[in-house]
Amino acid sequence: MQPDLTLAEENRELRQRVSILHHKAERNEQLLRAFFSAELDLLSCITLAELLDYLLNHFRQDFNLSAVTLMLLDPEDMVQELLDGSARFNHFPGLQLIRQQQPLRDLYPDSSLFCGEATPHIITTCFRGAEDVQSCALLPLIREDCLIGSLCLGSSDPGRYSHLLRYDYVSHLASVVAVCMENAISRETLQRLSSIDPLTRALNRRALSQQLLREIKRCNRTGEPLGCILLDIDHFKPVNDTHGHLSGDKVLRDISQLLKEQLRETDSIARYGGEEFAILLPGCPEPEATRVAENLRKCISQTLFSGHQNQALRITASLGITICEQQHTVDADVSELTESLIQTADQALYFCKHNGRNRVSFMPCLLKVSAQQ
Ligand SMILES: Nc1nc2c(ncn2[C@@H]2O[C@H](COP(=O)(O)OP(=O)(O)OP(=O)(O)O)[C@@H](O)[C@H]2O)c(=O)[nH]1
């Protein structure tokens, strides 16, 4: 009897072990599948905002993590600017941009992945004090031998990440994240550099033309009028002549900033020429466009600007307005319409300049509407 009993116990124990191994294998397979799918999701993110949203929001839910944070090296505030440009920075509370590499070097002295207990120091530096993080994986993001960031995955399960186990798929993920991050930043930086005026950070003329085409199409589709303004700084030459070119540059930057602050996010601001800005106001009929222009004129004339050596400067501007109505866009040659809108706003501006400057003037679009309408 005795030997049979031992055999049966051994058998039961073996079955239990096989079942545990089977479960582990199943779990690993599931995890691997989830990682492959995460990799595809990461690779399909086109914009930087999509990528950040995926990592900081969706990834946390998909992998049942209690916290995900991302530290990115941004020595020239490029990422900050890319995100500021579209007011998306606030959407990513888990994102930290750092100018110096030192915090990354402190976190990864030998540039390798860390998996294990979330110590109070790690919780403070990587997870902003999140109390429910018990274990964590800290992934160094490395490109061309350079630490460019850190992705931190925190779990409330103390056994989820351990220094006793290997996490090859997590290391692999870190490499994919680093490449995706670098690509998204480079792509958006390039795009930005080709469409932004470097001095004022407003759109350049090329980007204005593209935006004008988009807005004309939208006006045609929705029937909503498009307000167009040309703003020219008055007597700008004396500003340069008296206070120097650097002061003139500073005024241009400050005016661009003032326009950004006063206008809506959906409006477009472009530097059209030396001291001239073009503004597009989608969904804006004539009385509203005149009110907006008048507000800008008042704001500029009431602001005390300063030169590059802090000398006080008083500035005024003249603004010519026109409106693109849906009727202009029907059967229109778009490039002819674009030209006509700018020309009309310019004539309205000319009227302001000849009538004392520091004023606003409206002129209906000069383009003839086709007779069939
Ligand atoms: N500082 C600086 N000045 C610029 C820039 N681009 C153009 N300007 C200057 O803008 C001035 C434009 O002068 P004008 O066209 O005579 O016009 P204005 O003096 O503003 O006179 P009104 O427009 O008739 O009121 C010139 O002195 C240009 O050198 C720039 O990028 N930086």
Side-chain angles (χ1 to χ4, degrees), residues 76-78 81 84-85 189 191-212 227-263 267-281 289-290 292-322 339-363 366:
E76 286 160 22
D77 295 334
M78 192 51 93
E81 222 172 82
D84 275 353
T189 304
Q191 216 168 20
R192 190 171 162 77
L193 289 178
S194 66
S195 61
I196 294 287
D197 167 55
L199 176 68
T200 60
R201 307 280 195 210
L203 297 177
N204 60 20
R205 257 178 106 140
R206 181 174 156 272
L208 171 71
S209 303
Q210 291 172 344
Q211 190 62 12
L212 199 45
C228 306
I229 301 178
L230 273 187
L231 178 157
D232 189 279
I233 305 173
D234 298 327
H235 302 303
F236 192 59
K237 192 172 180 309
V239 174
N240 276 327
D241 293 347
T242 314
H243 303 281
H245 218 262
L246 286 179
S247 293
D249 284 356
K250 185 165 181 308
V251 168
L252 288 170
R253 271 198 302 271
D254 290 348
I255 292 219
S256 177
Q257 184 58 31
L258 180 148
L259 297 180
K260 261 178 221 159
E261 283 162 14
Q262 293 298 319
L263 294 167
D267 299 337
S268 305
I269 305 159
R271 189 170 178 209
Y272 189 67
E275 21 62 280
E276 199 168 1
F277 291 88
I279 297 163
L280 303 181
L281 308 168
T290 301
V292 171
E294 184 57 25
N295 172 53
L296 294 175
R297 185 200 65 76
K298 234 191 242 162
C299 249
I300 292 171
S301 69
Q302 289 171 354
T303 299
L304 189 60
F305 290 90
S306 59
H308 83 291
Q309 285 170 326
N310 267 341
Q311 59 275 52
L313 299 172
R314 284 286 180 195
I315 302 289
T316 63
S318 301
L319 297 92
I321 313 160
T322 194
E339 217 170 277
S340 184
L341 287 168
I342 297 286
Q343 245 177 32
T344 313
D346 198 36
Q347 285 198 15
L349 176 62
Y350 188 77
F351 182 83
C352 298
K353 292 280 182 181
H354 275 261
N355 284 278
R357 296 178 173 80
N358 188 22
R359 60 189 61 232
V360 158
S361 169
F362 168 78
M363 194 177 275
L366 293 168

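We count ligands from 1, going down the list as the structure has it; atoms in each ligand are counted the same way. Note that the structure is predicted; figures quoted are calculated from it, not measured. FYI, side chains are in, hydrogens and waters are out, and symmetry mates aren't considered; it's all heavy atoms of this structure.
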Would you mind writing out the side-chain donor-acceptor pairs for residues 349-359 within the sub-3.5 Å range, not counting sequence neighbours?
residue	atom	partner	partner atom	Å
Tyr350	OH	His354	NE2	3.3
Lys353	NZ	Asp232	OD1	2.7
Lys353	NZ	Ile233	O	3.3
Lys353	NZ	Asp234	OD1	2.9
Asn355	ND2	Phe351	O	2.7
Asn358	OD1	Arg297	NH1	3.0
Arg359	NE	Asn355	O	2.6
Arg359	NE	Arg357	O	3.3
Arg359	NH2	Asn355	O	2.9

N/O donor to acceptor pairs below 3.5 angstrom from side-chain atoms of residues 302-310, sequence neighbours left out:
residue	atom	partner	partner atom	Å
Thr303	OG1	Cys299	O	2.6
Ser306	OG	Lys250	NZ	3.1
His308	ND1	Ser247	OG	3.1

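Listed by chain and residue number, Ser194, Asn204, Gln210 satisfy the side-chain contact (heavy atoms from CB on, under 4.5 Å) test with Arg206 (two or more places apart in sequence, or in another chain).
Inspection of the Gln343 and Gln347 side chains reveals no N or O donor paired with an N or O acceptor under 3.5 Å.
Side-chain contact between Lys237 and Glu275 is absent, with no heavy atoms from C-beta onward closer than 4.5 Å.
More than 12 heavy atoms of other shown residues, nucleotides or ligands fall within 6.0 angstrom of atom NZ in Lys260.
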Tabulation required: pairs of a nitrogen or oxygen in ligand 1 and a protein nitrogen or oxygen under 3.5 Å; columns are atom names and distance to 0.1 Å; otherwise 'none'.
residue	atom	partner	partner atom	Å
ligand 1	1 (N)	Asn240	OD1	2.9
ligand 1	1 (N)	His245	O	3.2
ligand 1	1 (N)	Asp249	N	3.3
ligand 1	1 (N)	Asp249	OD1	3.0
ligand 1	3 (N)	Asn240	ND2	2.9
ligand 1	19 (O)	Phe236	N	3.1
ligand 1	19 (O)	Lys237	N	2.9
ligand 1	20 (O)	Ile233	O	3.2
ligand 1	20 (O)	His235	N	3.4
ligand 1	20 (O)	Phe236	N	2.7
ligand 1	20 (O)	Glu275	OE2	3.2
ligand 1	23 (O)	Asp232	OD1	3.1
ligand 1	23 (O)	Lys353	NZ	2.9
ligand 1	24 (O)	Arg357	NH2	2.9
ligand 1	25 (O)	His235	N	2.8
ligand 1	25 (O)	Lys353	NZ	3.0
ligand 1	25 (O)	Arg357	NE	2.8
ligand 1	31 (O)	Arg271	NH2	2.6
ligand 1	32 (N)	Asp249	OD1	2.6

